[in-house]
Amino acid sequence: MTTPDLPALRPAVLGSQWRASPQSIDRHPGGEHARTPTNPTDREADPIMPAITDTTAASPGHAVTALLKEYDALKAEERQRIGVRGQLLNATLTAVAGIITITTTVGRMGLLLLLPLATTVLGWAYVANDHKITAIGRYVHNQLGPRLVGLVEDGFSDIDMFKWEKYHREDPLRLSRKRLQLVVDLVAFCAPPLSALTLLWLLGPHTPIILIGSAAALAAVALLATQIIRYADVAGPVQPT
């Protein structure tokens with residue numbers, strides 16, 4: 001009694017180059033059959049298993065998920081930077097009070113040079129964090145939101161993603177608050193070192209090291225002040241669209 005020919009076998013894994021057909025089945029004693037590889041180009045003519053031409057294209061659902069994960073990561077970074085920004089302002093006030101206390105206790109006016117050093121370092125970190133916070137908000141509204149809108153169905157294409165990132169900038173009182181914040185930043189990071197340098201120039205000592213150090217400190221404070229003003233984001237409110 002002969003064994004009937006088996007039907008063509010389909011592999012379970014996509015993209016495999018192994019397939020079985022009546023022409024590629026080798027009969028062995030005992031009725032065993034073995035699969036033999038065939039030319040990969042044979043799959044192109046196969047009406048049941050067409051060739052896969054693009055396996056890297058991501059579906060819209062996967063793209064939306066990736067963009068939402070990016071949004072979550074950006075908002076987490078934003079929250080962290082907001083906390084750090086507040087801590088830097090507190091650290092600056094603490095450093096100013098500490099340096100003034102030590103200077104008056106010891107009675108060495110030259111220690112006042114530490115004040116511009118501390119405020120410049122802390123002030124620069126403050127400006128960097130503040131700039132990143134603003135940049136994250138703009139990126140979410142101007143880049144991330146429109147990309148998500150382009151991936152949703154046509155019936156929902158008019159959705160204004162992440163409206164809050166734009167809504168709070170439309171507040172008519174925002175400009176006055178940002179200007180007041182600019183004044184606070186300049187007073188906190190620039191007024192104390194300038195006052196210390198003024199006292200140092202008036203009361204001495206006027207040694208070469210003190211004079212050179214105070215000149216360098218003045219340049220650093222002036223640079224910090226320009227950066228604070230530059231990144232203050234005191235533009236007028238965004239008009240609603």
- prompt: Honestly curious: do Ile100 and Leu199 fall in one hydrophobic cluster under the side-chain, below-4.5 Å linking rule?
  reply: no

Exam field: side chain Thr119 to backbone Pro116, donor-acceptor pair closer than 3.5 Å: yes

message: Check whether His206 reaches the backbone of Trp201 with its side chain - one donor and one acceptor, N or O, closer than 3.5 Å.
response: yes

Side chain to side chain contact (heavy atoms under 4.5 Å, CB included) partner of Thr103, chosen from Thr101, Val106, Ile99, Thr105: Ile99

message: Quick check for you: to the nearest 0.5 Å, what is the distance between Leu186 atom CG and Gln181 atom CD?
response: 10.0 Å

- prompt: Between CD1 of Ile228 and CG of Asp130, what distance do you get to the nearest 0.5 Å?
  reply: 9.5 Å

- prompt: Do you know which two heavy atoms are closest between Leu115 and Pro193, and how far apart they sit?
  reply: CD2-N, 3.5 Å

field: Euclidean distance, Glu77 CD relative to Ile82 CD1, rounded to 0.5 Å
entry: 11.0 Å

task: Work out which heavy atom in Ala232 is nearest to a heavy atom in Lys178; give both atom names and the distance.
output: O-CE, 3.3 Å

- request: Using the rule that two of Ile, Leu, Val, Met, Phe, Trp, Tyr join whenever any of their side-chain heavy atoms come within less than 4.5 Å, decide whether Val140 and Ile133 are in one cluster.
  value: no

- request: Before giving the answer on side chain to side chain donor-acceptor pair (under 3.5 Å), spell out for Asn129 and Arg85 the whole-Å C-alpha distance, their side-chain angles and the decisive distance to 0.1 Å.
  value: CA-CA 6 Å; Asn129 272 275; Arg85 182 179 61 182; over 6 Å; no

- request: Compute whether any side-chain donor of one residue and acceptor of the other, for Gln227 and Tyr126, lie under 3.5 angstrom apart.
  value: no

field: Point-to-point distance, once rounded to the nearest 0.5 Å, from CD1 of Ile229 to SG of Cys190
entry: 8.0 Å

message: Under 4.0 Å between a side-chain nitrogen and a carboxylate oxygen: does that hold for Lys75 and Glu78?
response: yes

message: For Ile102 and Leu111: C-alpha separation, side-chain torsions, deciding distance, then whether side-chain contact (heavy atoms from CB on, under 4.5 Å) applies.
response: CA-CA 8 Å; Ile102 294 174; Leu111 293 177; 4.0 Å; yes

- request: Report yes if some heavy atom in the side chain of Val183 is under 4.5 Å from a heavy atom in the side chain of Arg179; otherwise report no.
  value: no

message: Measuring only between side-chain heavy atoms, which start at C-beta, is Phe189 closer than 4.5 Å to Val221?
response: no

- prompt: Below 4.5 Å, heavy atoms only, C-beta onward: do Lys132 and Tyr231 meet side chain to side chain?
  reply: no

- line: Separation between CG (Leu223) and OG1 (Thr120), nearest 0.5 Å, reads 8.5 Å

query: So do Leu113 and Ser214 actually touch side chain to side chain, heavy atoms under 4.5 Å?
result: yes

query: Rounded to the nearest 0.5 Å, what separation is found between the OG1 atom of Thr92 and the CG atom of Leu122?
result: 4.0 Å

